Amino acid sequence: MSAALRIAWRYLLCRKSHSSVGIITVVSMLGVAVATTAIVCVLSVFNGFAEVARERMSMVDAPLKVVPDKGKMLPCGDSLAAALEALPEVECAVAVVSENALAVYGGRQMAVTMRGVPEGNERVTHLSETVIDGDYTVLSDDSLAGGVISVGTALQLGARPLTMDIIRLYVPRRVGRISAATAANSFLADSLVVTGVYRTNDSDHDASTVVVPIDMARRLLQMDSGEASAIEIASAPGVSDDKAIAAIRKATGDGYTVLTLLEQEEQSFKMIAVEKWITFVMLAFILIIASFNIISTLSILIIEKDDNIRTMRNLGATQGQLRSIFFYEGWLVSAVGGLAGLVVGIGLSLAQQIGEFIKISGNEAELSIVAYPVKVEVADILAIALLVMAVGAVIGWIASRFVPRR
């Protein structure tokens, strides 16, 4: 420890000749501590919401998905799915079809996302575990198909499982002539009986999704047998995603992209990250403003230590050495306040994570989560610590400029 740092540490701990100087120093530390605590807690809440979104997304999306680099369709989806399922790194692979459609039920209508899946697709996703009414049955029948709908679709259309009321799905023709005079002939339609309603607590997915047999989706979309929008894959037990992706890429070759769970919802997580770091910047400004109290504290301390400064100068201390003492003093005030804020912030976040003391306002029966989710991440703590240290260094440098030249 350098002599300047030792003297600064002693100035921080020793009793001040004027009590007001000690009080102002404590207030400055508290300002930094409160701002640091706020940053830790807010970033931890953002992490908590991101973790909740990630868990819910895993109920809907497959762990891995193969999509074409160009276009929307895979020409040989079924055969590709069979080839990938034969890989030792893959437990299950299924071809799926996804497209927009118009759903009509009992005089009500809405735009929906039609998702065509084969039998056994529940081995890839956990959608079957989210059914809240009826059961997860996706059947292709010669007379009438059966499928499941999201809770938002059920509420807007007023549809219920096993009522034998029919949902009609309409899709614009992809092939053939379209005449404005006969608009009805411009659409293909098929019927569906609802076997179940599910809720994933993912607002986007729950709003307007209809899961139908893949044969029905292909028929409506005038797709060739075997065509698919994507291949959804579950890796074998004990096989990491990276290893599975490497094997899939080797098997598929060029022209295909393998997406992980996070990459499938990349835009959603980018928005969460942007909101998180914009909030971090805003709270950083509050921390900087709170840290400016340290300048006034050090200005008063320099006046109080005028005799000590004169003595050290007579003993041969240079102007740079004297400035270093008060630079370290400002940095220590910020560091102690920041450390206290980190400890309190981490403690409060962990308490909320374990005890869920702070609840989200609203009717708990209608809420998917009742308490604010929290997750403390080491990267955030390091970023906050670096911010506090950097601000303390700048404040200390500014304050050290007030050391008189004599």
Side-chain angles (χ1 to χ4, degrees), residues 53-101 112-128 138 140 171-172 174-175 200 202 204-205 209-271 273:
R54 190 176 293 108
E55 290 173 358
R56 291 177 178 175
M57 180 182 62
S58 66
M59 303 296 289
V60 179
D61 296 320
L64 300 172
K65 180 183 286 188
V66 176
V67 296
D69 286 344
K70 296 180 180 179
K72 297 177 63 177
M73 295 296 172
L74 296 167
C76 303
D78 287 346
S79 58
L80 180 59
L84 293 177
E85 189 166 350
L87 296 174
E89 293 85 1
V90 173
E91 180 180 16
C92 181
V94 296
V96 297
V97 172
S98 183
E99 190 54 87
N100 295 327
V112 298
T113 299
M114 178 180 65
R115 176 178 162 82
V117 300
E119 292 184 19
N121 73 295
E122 62 271 15
R123 292 184 298 160
V124 178
T125 69
H126 300 279
L127 201 59
S128 59
V138 182
S140 181
V171 176
R174 297 174 61 206
V175 181
T200 65
D202 180 333
D204 292 335
H205 191 88
T209 304
V210 176
V211 181
V212 304
I214 192 169
D215 292 340
M216 175 182 174
R218 284 170 173 163
R219 188 166 58 249
L220 281 172
L221 296 170
Q222 297 176 284
M223 298 171 62
D224 294 334
S225 177
E227 274 192 292
S229 302
I231 309 296
E232 295 187 343
I233 299 169
S235 54
V239 176
S240 67
D241 283 351
D242 291 340
K243 187 176 180 180
I245 289 171
I248 293 167
R249 285 176 176 164
K250 184 177 180 180
T252 57
D254 297 334
Y256 303 93
T257 299
V258 185
L259 302 176
T260 64
L261 197 61
L262 295 183
E263 289 170 340
Q264 294 172 46
E265 299 289 342
E266 185 178 10
Q267 292 302 319
S268 299
F269 283 94
K270 276 185 177 179
M271 287 301 299

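Fair warning: this is a prediction, and the values are worked out from it, not measured in the lab. The basis for the numbers below is simple: all heavy atoms, side chains too, and nothing from hydrogens, waters or symmetry mates.
Note that CE of Met223 is 7.0 Å distant from CD1 of Ile214, once rounded to the nearest 0.5 Å. Interatomic distance, Glu89 CD to Ile248 CD1, rounded to the nearest 0.5 Å: 8.5 Å. Distance OG1/Thr252 to CG/Leu80: 7.0 Å, rounded to 0.5 Å.
Every pair passing side chain to side chain donor-acceptor pair (under 3.5 Å) that includes a residue from residues 231-251 is listed here, sequence neighbours excluded: Arg115-Glu232. Screening residues 65-83 for side chain to side chain donor-acceptor pair (under 3.5 Å) gives Asp69-Thr257, Lys72-Glu99, Asp78-Arg218 as the qualifying pairs, with residues at least two apart or on separate chains.
The two residues Leu87 and Ala251 make their nearest non-hydrogen contact at CD1-CB, 4.0 Å. Nearest approach of Ala228 to Val96, heavy atoms of both residues: CB-O, 3.5 Å. Closest approach of Pro68 to Ser229, counting heavy atoms only: CD-O, 3.7 Å. Residues Ala236 and Pro88 share a closest heavy-atom pair of CB-O, 3.6 Å. Summarising the geometry of Ala95 relative to Pro118, their closest heavy-atom pair is O-CD, 3.1 Å, with the distance given to 0.1 Å. When all heavy atoms are compared, the tightest approach of Val124 to Cys92 is CG2-SG, 3.6 Å.
Between the side chain of Thr209 and the main chain of Thr113, no donor-acceptor pair closer than 3.5 Å is present.
The side chain to side chain contact (heavy atoms under 4.5 Å, CB included) search around Ala82 returns none, not counting sequence neighbours. Every residue two or more places apart in sequence or in another chain that forms a salt bridge (Lys or Arg N to Asp or Glu O under 4.0 Å) with Arg123 is listed here: Glu85. Residues meeting the side chain to side chain contact (heavy atoms under 4.5 Å, CB included) test with Glu122, sequence neighbours left out: Ser128, Tyr136.
With a 4.5 Å cut-off on side-chain heavy atoms, Ile231 and Leu84 count as touching.
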Run the side chain to side chain contact (heavy atoms under 4.5 Å, CB included) test on Leu64 and Leu259 for me, step by step, so that the C-alpha distance in whole Å, both residues' side-chain angles and the decisive distance to 0.1 Å come before the verdict.
CA-CA 6 Å; Leu64 300 172; Leu259 302 176; over 6 Å; no
Check against side chain to side chain contact (heavy atoms under 4.5 Å, CB included), Val171 and Met114:
CA-CA 10 Å; Val171 176; Met114 178 180 65; 4.2 Å; yes
